[in-house]
Structure formats: structure tokens, C-alpha cells
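In this chain, numbering begins with 1 at the start of the sequence shown.
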Amino acid sequence: MELHVTRWKRYGHDRLYANLPDGTAVGWADVRTGDITVLRAECRDDVIAVLTKHLQNLTEPVPPNRASEVQARPTLPPLTPADDLAVNPPGQALRDLLTESGPGLMERVVSRLLRRPSEWESWRKGLAGERRVGAELNRLGRHGWRVLHSIPLANKVDIDHLMVGPGGVFSINTKHHDKRAVWVGDDSVKVDHGKPAPYARKSRAEAKRVARVLERYCDFPVPVEPVLVFVGVTELEVVATQLDVRVYQERQLSALAPLSGALTTDQVEQVYSVARHRQAWSNA
């Protein structure tokens, strides 16, 4: 069995991870103690063999006691109902925005009569899109996935949806372009052949932001993939060959259901318990 070994150092931990060619972790070794943890029983012998070899071949000395260098991993306070993001419905942030700053009846009537585009209509369209995507994601719960919606970050921005499950973590950005055609290249997105939109770049940045938050509280690497979901489009053409962002229409999200091997059951529970805690994201 072909296994690739990578080294991971963070929050005082120093580990060697054994991964399958597709990047799935099947075991890891603590560099300081030499202890080996097997994540997949069927790979046990290969994991032990490859990690033992790499531990023996480490060129840099490993002090027997580095306790003074270990950074204490922060912990979150007990979860309270007010801090539990699991209760957020899809589009909560946009709904709050409309409630607080949305137009009155007269303003809406005037805008429609004059066919004048408004920021409020953009919010309403975004809310409708997030609700449709949220409904699709919630159906994946029976496959072992945990879903959160409208996670608030600093500077009045939010993550539309977050999925946590055996296949890892997915940071999902919803774009509602009703009756429009969307073209996706390696690093740009065009709607109805218009100007390139930075959707892919922003989705990658969001996924990295999510990973930083989760790994701050988890003592293992947390794989986070960015996802772009287009709602209501008449056509979605993906011509990218090197795009590291998953791209779907809302009805295609079921393709995520069978993914597995990135996180163990215990790791899924730990990541989800962090992700649903409002305070974890307060300074993100």
C-alpha cells in the first residue's frame, strides 16, 4: 500500500501523518513520544511500518522533554443556548439585516414601480438562496453530516453554511443568480459573460479562516474545503482544470453525502462542538 507521510506541527504538537494518495489520513505518530495511532484498521501494518521508518530517519534531534515549549490549547466555556449556533436557520444573518435595516412598505413599492435595483432586493435574493441550499444540506444529516448555518464572524460578515462529517469540513458559499448563466474558470467566475467575480478566491480565503478557528481548539489537523453553490441558474459551465474549490448547483449537493475517511467519529464530534460555539468565531 502506497502511503505518503507529512509532518504537522501546531499548538505544541509534532506529528507525522500517514496519508493515502488521495490525502486521507490513516494514522499518525507523535514525534516526541514515538506513539503511533492507527485510524484505519485495514491499514494497520502499513501505517506502523512507514511511520516507524520515518521516526527512525528523523534527522533533527527530538528532546525527551519539551513540556516547557508546549503551548496550551485554548478551551471554550460551557455552551449556553445563547451561544449555540446550531439553532440558526439558513439565512439568519440576512434576515436580521432586513429586519434592522430593510425598507418600509412605501420604499419597496416605489422601488418596484420605478424598477430601481436596490441593496434590499439583493439581500432578499440572497436569503432565498441560502434557504434553498440550507434545505438541501439538512437532508444530508441522515448520512452522518452535521450542518450549521449563518455563522457570524468579525466585521459583520458570516459563513453561509458549514458542514462537518466523516468526509471533513466544507465551508459553503451560496450565490443566487436566478435565470442567469454561470461560467467557472480556474480562478474566475462570470455571470452572463460579465466581469470576472472573485468568488473562488474569497471561498478559498474563507476555508482557510475556518481551518484556523477549528484547529485553534482541536489537537489534530482539520481539513476544510471551500464550496461554491449556485442557485437558480439556467446553466453552470465549469471549465476549470486546476480549481481547488468545489462547484455545484443546489440539487448536486447530495454528491457530498458518501464522502468519508477525513475525520473519525470522535473527531467529527469534537469539530462540531467547536464549530457550533459562537465564542469560537468571535475574533475570526
Quick one, Leu259 with Met163, criterion side chain to side chain contact (heavy atoms under 4.5 Å, CB included). Give me CA distance, side-chain angles, the key distance, then yes/no.
CA-CA 12 Å; Leu259 298 180; Met163 270 182 53; over 6 Å; no
Closest approach of Arg246 and Tyr248, non-hydrogen atoms and distance?
NH1-OH, 3.1 Å
Atom NE2 of His149 and atom CD1 of Ile172: how far apart are they, to the nearest 0.5 Å?
9.0 Å
Check the pair Leu127, Leu97 against side chain to side chain contact (heavy atoms under 4.5 Å, CB included), reporting the backbone distance first and the verdict last.
CA-CA 10 Å; Leu127 175 58; Leu97 193 60; over 6 Å; no
Are Pro89 and Arg131 close enough that some pair of their side-chain heavy atoms sits under 4.5 Å apart?
no
Group every Ile, Leu, Val, Met, Phe, Trp and Tyr by side-chain heavy-atom contacts under 4.5 Å, then state whether Ile159 and Val229 land in the same group.
no
Is the Trp8 ring parallel, tilted or perpendicular to the Tyr17 ring (thresholds 30°, 60°)?
perpendicular
Asn173 side chain reached by Pro226 side chain, heavy atoms, under 4.5 Å:
no
So which atom in Leu51 and which in Ala29 form the shortest heavy-atom distance, rounded to 0.1 Å?
CD1-N, 3.8 Å
Roughly how far, to the nearest 0.5 Å, is CD of Glu206 from CZ of Arg201?
13.0 Å
Asp192 side chain to Gly194 backbone, donor-acceptor under 3.5 Å
no
For residues Val227 and Val224: do they belong to one hydrophobic cluster (side chain heavy atoms under 4.5 Å, members Ile, Leu, Val, Met, Phe, Trp, Tyr)?
no
Distance-only, no hydrogens or angles: does the Ser150 side chain make a donor-acceptor pair with backbone N or O of Ala93 under 3.5 Å?
yes
Leu243 and Ala200 have their tightest heavy-atom pair at CD1-CB, 4.1 Å
Do Val164 and Val87 sit in the same hydrophobic cluster, where Ile, Leu, Val, Met, Phe, Trp and Tyr count as joined when their side-chain heavy atoms come under 4.5 Å apart?
no
Strictly below 4.0 Å, N to O, side chains only: are Asp178 and Lys125 in salt-bridge contact?
no
The residue among Val191, Leu236, Val189 that forms side chain to side chain contact (heavy atoms under 4.5 Å, CB included) with His177 is Val191
Spatial distance of atom CG (Leu253) from atom NE2 (His161) [nearest 0.5 Å]:
8.5 Å
With the side chain counted from C-beta on, respond yes when Arg139 and Ser254 share a heavy-atom pair under 4.5 Å apart, and no when they do not.
no
Does Arg212 reach the side chain of Lys208, with side-chain heavy atoms less than 4.5 Å apart?
yes
Where Cys43 and Val26 come nearest, the two heavy atoms and their spacing
SG-CG1, 4.1 Å
Does the side chain of Arg278 come within less than 4.5 Å of Pro152's, by heavy atoms?
yes
Might you work through the side chain to side chain contact (heavy atoms under 4.5 Å, CB included) test for Tyr217 and His277, ending with a clear yes or no?
CA-CA 11 Å; Tyr217 298 97; His277 207 305; over 6 Å; no
How about Arg146 and Glu269: do any of their side-chain heavy atoms sit closer than 4.5 Å?
yes
Would you give the length of the straight line joining atom OG1 of Thr52 to atom CG of Leu16, rounded to the nearest 0.5 angstrom?
10.5 Å
Rounded distance [0.5 Å steps], CG in Asp83 versus CZ in Arg276:
11.0 Å
For Asp186 and Ala240, indicate whether the former's side chain and the latter's backbone hold a donor-acceptor pair under 3.5 Å.
no
Consider only side-chain heavy atoms of I, L, V, M, F, W and Y, link residues closer than 4.5 Å, and tell whether Leu214 and Val268 are in one cluster.
yes
Taking all atoms of both residues into account, what is the closest heavy-atom pair of Ala257 and Leu140, and its distance?
CB-CD2, 3.9 Å
Determine yes or no for a side-chain-to-main-chain donor-acceptor pair under 3.5 angstrom, with Thr234 supplying the side chain and Arg180 the backbone.
yes
Is the closest side-chain heavy-atom distance between Phe230 and Val133 below 4.5 Å?
no
Nearest-0.5 Å distance that lies between atom CG in Leu3 and atom NE2 in His54
10.0 Å
May I have the step-by-step check of side-chain hydrogen bond (donor to acceptor under 3.5 Å, both in side chains) for Asp96 and Gln92, ending in yes or no?
CA-CA 6 Å; Asp96 290 345; Gln92 178 69 53; 2.8 Å; yes
Spell out, yes or no, whether Ile48 and Val31 are grouped together once hydrophobic residues are joined by side-chain heavy atoms under 4.5 Å, including indirect joins.
yes
Do Leu137 and Trp145 come within less than 4.5 Å of each other through their side chains, counting heavy atoms only?
no
Please say which of Leu162, Leu79, Ile151 ends up in a side chain to side chain contact (heavy atoms under 4.5 Å, CB included) with Leu85.
Ile151
Step by step, work out the side chain to side chain contact (heavy atoms under 4.5 Å, CB included) result for His143 and Leu256.
CA-CA 10 Å; His143 298 284; Leu256 297 172; over 6 Å; no
Closest approach of Trp281 to Val274 (non-hydrogen atoms, all atoms of both residues):
NE1-O, 4.2 Å
